[in-house]
> 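First the structure, then my questions, so here it is.
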Amino acid sequence: MPDSPGEAARFLTRNAVEALPEGDLEKQLQQGRPLRVKLGVDPTTPDIHLGHTVVLRKLREFQDLGHTVVLIVGDYTARVGDPSGRSSARPFADPDEIDRNAVTYQEQAFKVLDRDRTEVRRNGEWLDMAMEDLFRLARTSTVAQLLERDDFAKRYGEGRPITILELLYPLLQGYDSVAIRSDVELGGTDQKFNVLLARDIQQAYGVAPQSVLTMPILPGIDGEQKMSKSLGNYVGVDEPPEEVFGKLMRVPDTTMPTYYDLLMDEPIDPGLSARDQKRALARGLTARFHGDRAAADAEARFDRLHVDHGVPDDVEEHAFAAENGTVHMPALLADAFGLSRSEGRRLLAQAGVRLDGEPLDESAIDLPAERLDGAVLQVGRRRFKRLRSG
RNA sequence: GGGGGGAUGUCCGAGUGGUUAAAGGAGUCAGGCUGUAAACCUGAUGGCUAUGCCUACGCAGGUUCGAAUCCUGCUCCCCCCA
C-alpha cells in the first residue's frame, strides 16, 4: 500500500491512459480526506462484462485506499442514450427494462466493488428537473464545444444525424458530477470528452472541478474490436464458469498481455508457454467470479472437450418425440440447439453433427428412434445434448 | 419554404426489365490444421412438409409474358439554399 499522496497517485495512474489535469489527482489526494470517486453507468444492458471490470477494478483500488465510490446508475441518462463512440442514434430504452437492468447491474458490480465503500445513486434523483433548471444547464456549453467531440464531429462531417437529445447527453452526465460533488471521475477513454466537460459544468455551478482518470478500453475476445455485448465478443461476469474459461482460451495471443495488464493482479509469467499463460489467465478470472473450485472444474471440462475431444459428463438432456419409430433430424437439431431446420440440414451435410462422437452425413435425415435414445448429439465442438425419447 | 440525393440480405455494399435467393467484402457457422491462439485452406450462410415450393431488395398500388430494376402515391433519412 502506498503511504504518500504521490505514491498513491502513481499507483492509481499506473495503467491508466490519462490522468487530467496533469498532477491534479495528487493534489486531490493531498487533501487527506476520502475522495468521492464517480462512475456513471447507464443500465442499457443488464450484464457486466470484463470490459466494465477494468474501470470497476480501478475504483476498487481507490476504495482499498480508503476512498468512496459513488456509483451512479444512469436510469435517466439511459433514456437519452450515450452517443459516445456511436455512429448513429440509439433507440430509446424502455424505462421498466432500465429498472430491471439497474438491479442486476449493481449486484454484478459488487463482485468487484466493496459494498461498504460504495454509494449508489440514480441520476433520476436530480435530472428529473424543471425546464428552468435545464435552461441553466444548457447555458453552460456551446454547440461548438460539443461538436469538438470526435464522434459528433465525424457524424456531422459525414452528414449523419445528431439529435439535440444526444447533444444534451454530455451536459447531463456533467451535471451528475455537480449533484454528487465528485472529486474524481473514472471512465474509459471513450468517456474522455464527457468527463472533461463535467469539469467546466462543475465550475459553472461554482463547484470544485473533478480530476479525471481514463482507462484503456478492453479489446473483445476477438482481439479486434472493443469488448461489447452487441458485438458478441464479450465475457460476462455472470456467465457460467465453463463459458468464462472457454471464451478466455479463445483470446488471441497478441491480446493476452493487455488482458493481464488490465484484468489480472499477477503479471504474466514469462516462464510459461503461451498456452499455459492463457490457461492461467482463464483460471484466474474464472476463479475471481466463481471461485477456485468452479475454475478447476471448468478447466477439467475444457480439457475433456478440446484436448481429449470427449463428451462432457454434465450434458443437458433433450427429450425428443419419434414418429413411427423415426426422428426427423433437421427438426431435432432445430429443437435441441435453437437452429432452423435448414441450418440443421446444412450442418448434417457438412459433417458438423455427431452422434456419440461419430459424424453423421446428409443421408441421416431420418433416423430410427432407438439409435438416438440415450445417445449424445453434438454440433460442432462444443454444443451437446443427451437425447431421451419422451 | 425551395432544390438535390437516398432507403437492397446480420452489417457494409454491387446490381437500373429476364440465366437474381440477388456480385463482392465483413461477420457468423461447420470441416481441416492447432495450443478451441494467430495465420492459412475448404464449404455453408432466408425459410420449408425439399430434385420442389414459399418469402424477400422502405410501404402500397400499377405497367409488363416477366420488376430490386419502369410508373404513381406514401413513409422515413441526408445534403444544400432560405
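Below, chain A is the first sequence line, B the second, and so on; all start at residue 1.
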> Charged N to carboxylate O under 4.0 angstrom, A:Lys385 versus A:Asp335?
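Answer for the salt bridge query: no.
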> Round to the nearest Å and state the distance from A:Met249 atom CE to B:A38 atom P.
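Distance, rounded to whole Å: 12 Å.
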> Between B:C57 and B:U69, how far apart are the C1' atoms? Round to whole Å, please.
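Their C1' atoms lie roughly 10 Å apart.
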> Please tell me which of the listed nucleotides, B:G35, B:A44, B:C29, lies nearest to the side chain of A:Arg275?
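Looking only at heavy atoms from C-beta outward on A:Arg275, the closest nucleotide is B:G35.
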> What interatomic distance, in whole Å, is found between P of B:C59 and the corresponding atom of B:U75?
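Rounded to whole Å, the distance is 15 Å.
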> Between B:G18 and B:C11, how far apart are the two C1' atoms, rounded to whole Å?
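The same atom, C1', in both gives a distance of 29 Å.
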> May I ask you to decide whether A:Arg122 forms a salt bridge with A:Glu125, counting only side-chain N to carboxylate O separations under 4.0 Å?
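So A:Arg122 does not pair with A:Glu125 through a salt bridge.
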> Could one point to a donor on the side chain of A:Asp253 or the base of B:G35 with an acceptor on the other under 3.5 Å away?
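Donor-acceptor pair under 3.5 Å: yes.
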> What does A:Ala274 touch in the nucleic acid at a heavy-atom separation under 4.0 angstrom: a base, only the sugar-phosphate, or nothing?
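Counting heavy atoms under 4.0 Å across all strands, the contact made by A:Ala274 includes a base.
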> Quick one: do A:Glu242 and A:Arg382 make a salt bridge, cutoff under 4.0 Å?
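The answer is no: the pair does not qualify as a salt bridge.
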> Would you say A:Arg345 places a side-chain N or O within less than 4.0 Å of OP1 or OP2 belonging to B:C48?
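Indeed not, no polar side-chain atom of A:Arg345 lies that close.
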> Considering Watson-Crick and G-U wobble pairs with both distances under 3.5 Å, what does B:U49 pair with?
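Partner of B:U49: none.
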> In Watson-Crick or G-U wobble terms, both distances under 3.5 Å, what is the partner of B:C59?
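Across all strands, the one nucleotide that pairs with B:C59 is B:G73.
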> For the pair made of CD in A:Glu362 and C1' in B:G43, what is the distance, rounded to whole Å?
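Atom CD in A:Glu362 sits about 13 Å away from atom C1' in B:G43.
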> Between A:His328 (NE2) and B:A50 (P), how many Å, whole number?
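Checked: the NE2 to P distance equals 7 Å.
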> Please measure how far the C1' atom in B:C65 lies from the corresponding atom in B:C77, and state the result in whole Å.
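37 Å, rounded to whole Å.
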> If the C1' atom of B:G66 is compared with that of B:A26, how far apart are they to the nearest Å?
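Those two atoms are separated by 34 Å.
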> A:Gln225 has an atom CD; how far is it from atom C1' of B:U10, in whole Å?
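Taking atom C1' of B:U10 as the reference, CD of A:Gln225 is at 14 Å.
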> Do NZ/NE/NH1/NH2 and the carboxylate oxygens of A:Arg388 and A:Glu316 come within less than 4.0 Å?
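Here A:Arg388 does not pair with A:Glu316 in a salt bridge, since their nearest N and O are not under 4.0 Å apart.
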> Is any side-chain N or O of A:Arg346 closer than 4.0 Å to OP1 or OP2 of B:G47?
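Looking at the OP1 and OP2 atoms of B:G47, one of them is under 4.0 Å from a side-chain N or O of A:Arg346.
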> Are OP1 or OP2 of B:G32 and a side-chain N or O of A:Arg381 less than 4.0 angstrom apart?
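Checking B:G32 against A:Arg381, a side-chain N or O does come within under 4.0 Å of OP1 or OP2.
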> Please determine, for B:G1, whether a Watson-Crick or G-U wobble partner exists with both distances under 3.5 Å, and give it or none.
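With both distances under 3.5 Å, B:G1 matches B:C81.
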> Can you tell me how far P of B:C29 sits from CG of A:Asn233, to the nearest Å?
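Rounded to whole Å, this separation is 12 Å.
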> Can you tell me, in whole Å, how much space there is between the C1' of B:U16 and that of B:G27?
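Per the computed distance, 29 Å lies between those C1' atoms.
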> Kindly give the heavy-atom pair with the smallest separation between A:Phe384 and A:Gln378, and that separation in Å.
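The answer is CE2-CD, 3.3 Å.
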> To the nearest Å, give me how far apart CG (A:Leu348) and P (B:C29) are.
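Roughly 18 Å, once rounded to whole Å.
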> Under 4.0 Å between a side-chain N or O of A:Arg354 and OP1 or OP2 of B:G31?
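True: A:Arg354 side-chain N/O within range (under 4.0 Å) of B:G31 OP1/OP2.
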> Which nucleotide, if any, forms a Watson-Crick or G-U wobble pair with B:U64, using both distances under 3.5 Å?
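Base partner found: none.
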> For A:Asp361 and B:A30, give me the distance from atom CG to atom P, rounded to whole Å.
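For the pair A:Asp361 CG and B:A30 P, the rounded distance is 18 Å.
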> Nearest heavy atom decides the nucleotide; on that basis, is A:Gly246 or A:Pro330 closer to the 5' end of RNA chain B?
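The residue mapped nearer the 5' terminus is A:Gly246.
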> Would you say A:His290's side chain and A:Glu239's backbone share a donor-acceptor pair under 3.5 angstrom?
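Yes; judged by distance alone, with no hydrogens or angles, the pair exists.
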> Suppose you measure atom C1' in B:C78 against the same atom in B:U10; what distance do you get, rounded to whole Å?
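Taking atom C1' in both B:C78 and B:U10, they lie 24 Å apart.
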> Rounding to the closest angstrom, what is the interatomic distance between B:A50 and B:G43 at atom P?
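Their P atoms lie roughly 28 Å apart.
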> Check the phosphate of B:A38 against A:Thr254, side-chain N and O only, distance under 4.0 Å to OP1 or OP2. Yes or no?
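No, because none of the side-chain N or O atoms of A:Thr254 sits under 4.0 Å from OP1 or OP2 of B:A38.
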> At 4.0 Å (heavy atoms only), tell me whether A:Val353 reaches a base, stays on the sugar-phosphate, or touches nothing.
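No contact.
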> Starting at the 5' end of RNA chain B and moving along, which residue's nearest nucleotide shows up first, A:Glu343 or A:Phe245?
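The residue mapped nearer the 5' terminus is A:Phe245.
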> Tell me which nucleotide, if any, is Watson-Crick or G-U wobble paired with B:U28 when both distances must be under 3.5 Å.
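The answer is B:A44, by the H-bond criterion.
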> Could you check whether A:Asp176 pairs with A:Arg121 (Lys NZ or Arg NE/NH1/NH2 to Asp/Glu carboxylate O, under 4.0 Å)?
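Result for this pair is no, no salt bridge flagged.
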> Nearest to the side chain of A:Gln350 - B:G47, B:A44, B:G32?
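Closest of the options to the side chain of A:Gln350: B:A44.
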> Salt bridge check, A:Arg301 against A:Asp297: does any charged N sit closer than 4.0 Å to a carboxylate O?
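So A:Asp297 does not pair with A:Arg301 through a salt bridge.
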> Whole angstroms only, please: what is the CZ-C1' distance between A:Arg383 and B:U28?
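About 10 Å, once rounded to whole Å.
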> Using OP1 and OP2 only, check whether a side-chain N or O of A:Ser342 sits under 4.0 Å from B:G46.
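For A:Ser342, the contact criterion (side-chain N or O under 4.0 Å from OP1 or OP2 of B:G46) is not met.
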> Could you tell me which nucleotide pairs with B:U16 by Watson-Crick or G-U wobble geometry, both distances under 3.5 Å, or answer none if nothing does?
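The answer is none; no pair meets the criterion.
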> The side chain of A:Pro252 is closest to which nucleotide in this list: B:U49, B:A38, B:G47?
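The listed nucleotide nearest to A:Pro252's side chain is B:A38.
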